[in-house]
2 protein chains.
Amino acid sequence: MSAAENQQLKQVLREHELKATTQRIALLKLLDATHEHFDAEEIYLELLKKQKNVSRATVYRSLEALAEQDLVTRLDFGDGRMRFERSKGEDEHHDHLICEECGKVIEFFNLEMEAQQLSVCEENDFTPSTHTMHIFGTCSDCKQTP
Amino acid sequence: MSAAENQQLKQVLREHELKATTQRIALLKLLDATHEHFDAEEIYLELLKKQKNVSRATVYRSLEALAEQDLVTRLDFGDGRMRFERSKGEDEHHDHLICEECGKVIEFFNLEMEAQQLSVCEENDFTPSTHTMHIFGTCSDCKQTP
DNA sequence: GCGTAAATGAGATTCATTCTTATTTTTAAA
DNA sequence: TTTAAAAATAAGAATGAATCTCATTTACGC
């Protein structure tokens with residue numbers, strides 16, 4: 001089953017004109033297996049656990065290549081390092097509520113908000129490619145324990 | 001007139017329990033005088049031009065202290081360094097369209113979008129403090145010259 | 001299997017930001 | 001105005017994420 005998954009990911013990489021290296025496959029497999037928002041260092045350490053031949057530079061370079069092909073998505077929570085997730089379809093796009101106390105990230109999607117964004121772009125003759133909407137504050141858990 | 005401005009800024013700083021140092025006053029004066037989104041290094045260089053006694057560390061520390069008191073606002077355009085602007089009133093809040101070609105930043109405000117944000121927070125029992133809404137893409141100028 | 005272009009590993013490098021320590025300022029009170 | 005204590009500053013060292021270098025290895029079309 002892991003073999004089939006490897007085969008499938010190899011396919012995906014080739015379709016995006018990326019060489020199917022063991023490192024890239026392992027990286028995609030890792031992100032496929034979690035819903036967490038890993039940063040590059042965490043990804044590097046996770047990969048090290050599973051196979052010894054990975055370097056930090058490769059993690060960064062692979063993430064860049066994969067992001068360029070929209071196979072992974074960069075997330076900037078404003079704390080100085082980028083997080084990454086496996087890209088979701090257009091219909092699975094989401095924004096984030098970020099708790100400043102505990103760091104928890106709540107994903108949300110609001111159709112009206114997306115519509116407003118498009119209308120703002122139109123008003124300004126601006127062609128959008130991506131957007132980030134982050135609301136910082138305090139989550140319900142942290143409100144209760146002051 | 002600069003003396004009066006100094007006096008006024010001194011007042012502002014004291015009201016926020018910050019010592020009114022010449023560096024902080026100069027920093028506020030600089031941000032008051034421009035609509036640009038300077039980064040820390042640019043602020044440092046601008047201040048150096050006007051008076052020789054400033055250090056990078058002080059610029060960073062002052063910006064942190066001023067941001068904490070909401071006298072300046074941090075802007076994260078996702079390019080690896082923070083920008084700063086003089087804080088505007090609640091009613092002057094704005095979000096940003098950021099051109100990926102030329103780096104131009106267009107400010108906008110959309111009341112419905114702000115309302116949607118509040119409703120999302122309510123749905124999630126989340127108390128918002130600040131938010132960032134950045135739309136990346138191509139501005140009208142850059143569309144014309146491909 | 002072979003050759004070549006592309007990817008990788010290891011570590012050096014860059015760049016924004018933070019920290020350290022000795023010195024200087026601010027400010028409140030004498 | 002002088003003075004003392006607390007806070008802020010200057011200068012440069014240190015940190016940490018991300019990028020770059022270059023010698024070595026790997027992927028993959030032939």
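Lettering follows sequence order; numbering is per chain, from 1. These numbers were taken from a predicted model, which means no experiment stands behind them.
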Any luck finding a side-chain donor-acceptor pair between B/Ser129 and A/Glu100 under 3.5 Å?
yes
Base of D/dT21 paired with side chain of A/Arg61 (donor-acceptor, under 3.5 Å)
yes
Send over the distance from A/Phe84 CZ to D/dA17 P, rounded to a whole Å.
13 Å
Exercise: do B/Glu107 and B/His35 side chains pair donor with acceptor under 3.5 Å
no
Is the phosphate of D/dA10 approached by B/Thr58 (side-chain N or O, under 4.0 Å from OP1 or OP2)?
yes
Give a yes or no answer on whether the side chain of B/Arg24 reaches the backbone of B/Lys19 with a donor-acceptor pair at less than 3.5 Å.
yes
By nearest atom, which of the nucleotides C/dT8, D/dT9, D/dC20 is closest to the A/Ser62 side chain?
C/dT8
B/Tyr60 vs C/dT17: side-chain N/O to OP1/OP2 distance below 4.0 Å:
yes
Nearest to the A/Lys19 side chain among C/dT27, D/dT9, C/dA5, which nucleotide is it?
C/dA5
Rounded distance in Å - CG (A/Asp76) to C1' (D/dA17):
12 Å
Hey, does the side chain of A/Lys143 reach the backbone of B/Asp125 with a donor-acceptor pair shorter than 3.5 angstrom?
yes
Nearest nucleotide by nearest heavy atom, which residue falls closer to the 5' end of DNA chain C, B/Glu64 or B/Lys10?
B/Glu64
Whole angstrom value for the distance that separates C1' of D/dT19 from CG of A/Leu63:
13 Å
With a 4.0 Å limit, can you tell me whether B/Thr21 has a side-chain N or O closer than that to the phosphate oxygens OP1/OP2 of D/dT9?
yes
Whole-Å distance between C/dT14 P and B/Glu41 CD?
16 Å
Report yes if at least one side-chain N or O of A/Thr22 is closer than 4.0 Å to OP1 or OP2 of D/dT26; otherwise report no.
no
Counting only side-chain nitrogens and oxygens, does A/Gln23 get under 4.0 Å of the OP1 or OP2 atom of C/dG9?
yes
Closest listed nucleotide, where the reference is the side chain of B/Met82 and the choices are C/dC19, C/dT17, D/dA18
C/dT17
Is there a donor and acceptor pair, one atom on the side chain of A/Arg14 and one on the base of D/dA27, closer than 3.5 Å?
no
Flag, side chain of A/His16 to backbone of A/Ala65, donor-acceptor distance under 3.5 Å:
no
Nearest-angstrom distance from the residue atom NE2 of B/His16 to P of C/dT27
15 Å
What is the separation between atom CD1 on A/Ile25 and atom C1' on C/dA7, rounded to the nearest whole Å?
13 Å
Between B/Leu18 and B/Arg56, which has a closest nucleotide on DNA chain C that is more 5'?
B/Arg56
Approximate separation, where rounding is to 0.5 Å, of A/Glu122 CD and A/Thr127 OG1
10.0 Å
Expressed in angstrom and rounded to an integer, what is the separation of A/Arg24 atom CZ from D/dA27 atom P?
11 Å
Report which part of the nucleic acid B/Asn53 touches: base, sugar-phosphate, or nothing (heavy-atom distance under 4.0 Å, all strands).
sugar-phosphate
Heavy-atom nearest nucleotide on DNA chain D for A/Arg81 versus B/Ser55: which residue maps closer to 5'?
B/Ser55
CD of B/Glu42 versus C1' of C/dA16: gap in Å, rounded?
13 Å
